[in-house]
Amino acid sequence: EWPQERILKTIQAMSDPQKYRILAWQGQRLVGHAAFLPHVIATNRGSLPIMQFAGVCVCSKLRGRRIGRKVVEWVFEKVGQPGLEVALFQTGVPGFYEKLGAQCVSNRFVNSTNSEDPEANPWWDEHIMIYPSTCDWPDGTINLLGPGY
């Protein structure tokens, strides 16, 4: 297990003051990462503020030491703040996130800002998830109003 005294930092991206990164350090070595930023999507109920959550990674030699879990938990602690009511993300490992309280959703997703094919699925991973699983998530088509992340 990853010792709790290791440093996790939240930093803001210089280019976008609303984009955040969670960084896990082991001494001078960056060993874990996740990024999130507020966004608004369109649903059959109207606009919905979400947290775009992406870029989760852990140094391959340190996997299995709960670094990824801690990084994701730190991000999920931000959910519930204004503009970050629910996290929306894609993943190839849904079981990992289900253990942390997320759930898969089965909505159809589109991106109306895609001039070539606004009806195309903007995601590339198979599983689309939300956190928390207790969120009152809308049915129907979801317009990401931007590309997948």
Side-chain angles (χ1 to χ4, degrees), residues 1-43 47-111 113-114 120-149:
E1 185 166 317
W2 194 52
Q4 293 301 313
E5 67 271 9
R6 300 296 185 204
I7 299 171
L8 282 114
K9 292 184 180 180
T10 303
I11 62 167
Q12 288 179 290
M14 296 294 221
S15 60
D16 184 346
Q18 290 206 314
K19 185 172 186 174
Y20 296 88
R21 296 184 186 282
I22 300 292
L23 304 175
W25 297 90
Q26 189 175 53
Q28 298 294 318
R29 185 174 169 209
L30 179 62
V31 297
H33 171 273
F36 66 96
L37 69 150
H39 185 66
V40 176
I41 59 174
T43 76
S47 297
L48 176 65
I50 62 153
M51 170 196 286
Q52 290 182 337
F53 172 50
V56 178
C57 58
V58 172
C59 176
S60 62
K61 293 179 182 178
L62 297 175
R63 290 189 185 143
R65 297 187 185 182
R66 302 177 65 95
I67 297 170
R69 179 183 183 98
K70 187 64 180 170
V71 167
V72 171
E73 286 173 344
W74 274 47
V75 171
F76 284 172
E77 285 177 12
K78 308 294 184 199
V79 173
Q81 297 178 17
L84 301 173
E85 278 76 8
V86 59
L88 176 66
F89 56 100
Q90 62 182 324
T91 183
V93 289
F96 171 79
Y97 294 99
E98 287 168 344
K99 291 176 188 173
L100 298 175
Q103 77 173 20
C104 288
V105 294
S106 58
N107 303 76
R108 178 175 170 256
F109 288 88
V110 298
N111 169 16
T113 69
N114 178 347
N121 182 356
W123 302 111
W124 54 89
D125 262 323
E126 180 180 354
H127 305 281
I128 312 307
M129 301 190 81
I130 59 167
Y131 174 88
S133 61
T134 56
C135 166
D136 182 20
W137 188 251
D139 293 328
T141 300
I142 304 289
N143 185 345
L144 284 187
L145 301 172
Y149 45 88

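Note that these values count all heavy atoms, side chains included, but never hydrogens, waters or copies made by symmetry. The first residue in the sequence is number 1, and the count goes up from there.
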Do Cys104 and Glu98 pass the side chain to side chain contact (heavy atoms under 4.5 Å, CB included) test, and can you show the C-alpha distance, the side-chain angles, and the key distance before you say yes or no? CA-CA 8 Å; Cys104 288; Glu98 287 168 344; 4.2 Å; yes

Closest non-hydrogen atom pair between Arg65 and Lys61, with its separation: NH2-O, 4.4 Å

Minimal heavy-atom distance between Ala35 and Arg21, with the atoms involved, is CB-NH1, 3.9 Å

Under 3.5 Å: donor-acceptor pair, side chain of Arg63, backbone of Val58: yes

So how far is it from Leu145 CG to Thr113 OG1, rounded to the nearest 0.5 Å? 7.0 Å

On a heavy-atom basis, the closest approach of Ala24 and Val71 is CB-CG2, 3.9 Å

Apply the test side chain to side chain contact (heavy atoms under 4.5 Å, CB included) to residues Val79 and Phe53: give CA-CA distance (whole Å), side-chain angles for both, the deciding distance (0.1 Å), then the verdict. CA-CA 10 Å; Val79 173; Phe53 172 50; over 6 Å; no

With side chain to side chain contact (heavy atoms under 4.5 Å, CB included) as the test, would you mind laying out the steps for Gln26 and Ile67 before giving the verdict? CA-CA 10 Å; Gln26 189 175 53; Ile67 297 170; 5.8 Å; no

Tell me, do Glu77 and Val75 make a side-chain contact under 4.5 Å, heavy atoms counted? no

Please lay out, stage by stage, how Val72 and Tyr97 fare under the test side chain to side chain contact (heavy atoms under 4.5 Å, CB included). CA-CA 9 Å; Val72 171; Tyr97 294 99; 3.9 Å; yes

For the backbone of Pro138 and the side chain of Asn107, can you confirm whether one donor and one acceptor N or O come within less than 3.5 Å of each other? yes

Side chain of Asn111, backbone of Leu144: donor and acceptor closer than 3.5 Å? no

Can you classify the ring geometry of Phe76 versus Tyr131 as parallel (below 30°), tilted (30 to 60°) or perpendicular (above 60°)? parallel

A side-chain contact here means heavy atoms from C-beta on lying under 4.5 Å apart; do Met51 and Pro38 qualify? no

Mind checking whether Leu23 and Leu30 have side chains closer than 4.5 Å, heavy atoms only? yes

Compare all side-chain heavy atoms of Ile142 with those of Trp137 and state whether any distance is below 4.5 angstrom. yes

How long is the straight-line distance from CZ of Arg108 back to CG of Asn143, given to the nearest 0.5 Å? 9.5 Å

Value for CG (Leu48) from SG (Cys135), rounded to nearest 0.5 Å, stands at 6.5 Å

When you measure from the side chain of Asp125 to the backbone of His127, do you find a donor-acceptor pair of N or O atoms at a distance under 3.5 Å? no

Could you check whether any side-chain N or O of Gln52 sits under 3.5 Å from a backbone N or O of Tyr149, counting only pairs where one atom can act as donor and the other as acceptor? no

Shortest non-hydrogen contact from Arg29 to Cys59? NH2-SG, 2.8 Å

To the nearest 0.5 Å, tell me how far Lys78 NZ sits from Ile22 CD1. 5.5 Å

Should the pair Phe36 and Tyr20 be assigned to parallel (<30°), tilted (30 to 60°) or perpendicular (>60°) ring geometry? parallel

Value for CG (Asn121) from CZ (Phe109), rounded to nearest 0.5 Å, stands at 8.5 Å

Over all heavy atoms of both residues, which pair between Pro122 and Gly146 is shortest? Give the atoms and the distance, please. CB-O, 4.4 Å

With a 4.5 Å limit on heavy-atom distance, are the side chains of Pro94 and Glu126 in contact? no

